[in-house]
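Contents: one structure, followed by commentary.
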Protein chains: 2
Amino acid sequence: MERTVQAGSAGRSRPPLSTERVLGAAVALADEGGVDALSMRRIAQSLGVVPMALYKHVANKNELLDGMIDAVVREIDPPARDTDWKTAVRGRVLSARRMLLRHPWAAQVIESRIKARTTPTPAVMEYLDSMIGVFRDGGFSLDLVHHALHVMGSRLLGFSQELFEDSSRPGTDREPDPAAMPPEEMAARYPHVAALAMAVTHDTDSVVGSGCDDQFEFEFALDLTLDGLERLLRTT
Amino acid sequence: MERTVQAGSAGRSRPPLSTERVLGAAVALADEGGVDALSMRRIAQSLGVVPMALYKHVANKNELLDGMIDAVVREIDPPARDTDWKTAVRGRVLSARRMLLRHPWAAQVIESRIKARTTPTPAVMEYLDSMIGVFRDGGFSLDLVHHALHVMGSRLLGFSQELFEDSSRPGTDREPDPAAMPPEEMAARYPHVAALAMAVTHDTDSVVGSGCDDQFEFEFALDLTLDGLERLLRTT
DNA sequence: ACCTGAACACCGTTCAAGT
DNA sequence: ACCTGAACACCGTTCAAGT
């Protein structure tokens, strides 16, 4: 009598499940069929596993989406060293774009999860922190970096929403981070983000909620864009 | 014996259903609870109606989403007349932003529906057509308008994806427009969009698929942005 | 102690049975 | 002819019953 084998969808025996394997299957499924085709049941099926087995490795679907975001954001190249800020930023943004083209669902998912969470996922934080670092090394003041991030806007990671939105806005109950990091650890791990947040908050501490005047930043970025177009129009 | 009254959820008698009322209820529901809280059953409930009744006024949920997009995009102010292009574009983009802040679900829904459809919804087309018109009246060549739209990017309507993406990309089966408009009618109704599409296609008809070189346009816009930041850095 | 089938409360949509 | 309840094929997640 043959030994009973846990059959996968193709009848093959399978390696043990892990968070990585679950996330990998989820990313592959989303790449193929879009985010609408992504379901816990479908992921389980593609792994030759009962749906409930996934919940051992991801707490729920939202955490799965966060994990997928982290996985693909980590595909973005780190900033080039030993070049000027412009080359480094340019190369990195183009790398982010290549990632977004490989994973057409990513921008949408990042945007929707950013809206629901209080803090971006770790990989997104790392991405931002190192991007800020490039600007700082290039001689940008904290204020100027802040403007720069708003100017880059959706070219940074594909989504258009502000990253750290006013959390005191009514009607927007956001999930507290399940593995919430204490502020001092945040500051240690993402020093540039922390410094920026500090500077921005101190600047305008008369404003309630987030210290960032989104309307001002939006207009600033818009005007920089329009000025660029005007210059282009004149030189043509 | 009392006359039987079709009871609404609050027990009130209700005006007859219409597409407008259905869309209005859907928009209100999304404004309150986000797009995840939006379901055909919930919309029906808020109207004091059985779910199936909605299908008399909207074909399915995707058409409902398209209708919601059209409804909120029509809230954007028309471009101001009798001013320079810069003032007109600026004012209009700020109006679009106010709409997106009123309807936080809109950018996400527009982006996801743009990806699924072959043609943007009528109100989006009108918005683009009149926006192109403002640039044209300001003396922009068709090519320059094309660049300008890419430069504006997500500030135009909140989403980051290209509007008329390469429809020959593999794996992206897009819905044909249910009420597909013949090309000549398209050209008559959206003359500026048509002229732009024509110019862009003729320019690069060696390229297969859409005539727009997205990579080039992305880099063009990115460089304009980076140049603006560099100028800012030098004058600080 | 571990695993999982059945179940629950949803979802969009179809369709036949009712008036 | 019109309307709609029941049903179908899904969904994320819980939980008790099984080993």
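Small disclaimer: the values here were computed from a predicted structure and weren't measured. Naming: A, B, ... by sequence-line order, numbering from 1 per chain.
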Rounding to an integer number of angstrom, what distance separates dT13(C) and dT13(D) when you compare their C1' atoms?
23 Å

Measuring only the C1' atom in each nucleotide, how far is dG12(D) from dT14(C)? A whole number of Å is fine.
23 Å

Watson-Crick or G-U stems of DNA chain C, 3 or more pairs, under 3.5 Å, by first number:
C:4-8 with D:12-16, C:12-16 with D:4-8

Could you tell me whether Arg98(B) and Glu75(B) make a salt bridge, using a distance below 4.0 angstrom between a side-chain N and a carboxylate O?
no

Take the protein atom [atom1] of [X] and the nucleotide atom [atom2] of [N], then report the distance between them rounded to whole Å.
X	N	atom1	atom2	value
Leu17(A)	dT4(C)	CG	C1'	14 Å
Leu38(B)	dC10(C)	CG	P	16 Å
Asp36(A)	dT13(C)	CG	C1'	16 Å
Met40(B)	dC10(D)	CE	C1'	16 Å
Glu63(A)	dT13(D)	CD	P	10 Å
Asn62(A)	dT13(D)	CG	C1'	12 Å
Arg41(B)	dC10(D)	CZ	P	15 Å
Tyr55(B)	dT13(C)	OH	C1'	5 Å

Looking at [X] and [Y], would you say the former's side chain and the latter's main chain have a donor-acceptor pair under 3.5 Å?
X	Y	value
Arg42(A)	Ala37(A)	yes
Arg92(A)	Tyr127(A)	yes
Ser130(A)	Glu126(A)	yes

Result of checking Asp77(B), Leu157(B), Leu94(B) against Met99(B) for side-chain contact (heavy atoms from CB on, under 4.5 Å):
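One option only clears the test, and that one is Leu157(B).
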
Under a 4.5 Å cut-off applied to non-hydrogen side-chain atoms, are Arg41(A) and Pro51(A) in contact?
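Arg41(A) reaches Pro51(A) side chain to side chain.
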
Side chain of [X], heavy atoms from C-beta onward: which of [options] has the nearest atom to it?
X	options	value
Asn60(B)	dG12(D), dT13(C), dT4(D)	dT13(C)
Met52(A)	dG5(C), dG12(D), dG12(C)	dG5(C)
Lys56(A)	dC3(C), dT4(C), dG12(C)	dC3(C)

At under 4.0 Å, does any side-chain N or O of Arg42(B) touch on OP1 or OP2 of dC10(C)?
no

Residue-phosphate contact under 4.0 Å: Lys61(B) side-chain N/O, dT13(C) OP1/OP2:
no

Donor-acceptor side-chain pairing of Asp70(B) and Thr121(B) below 3.5 angstrom
yes

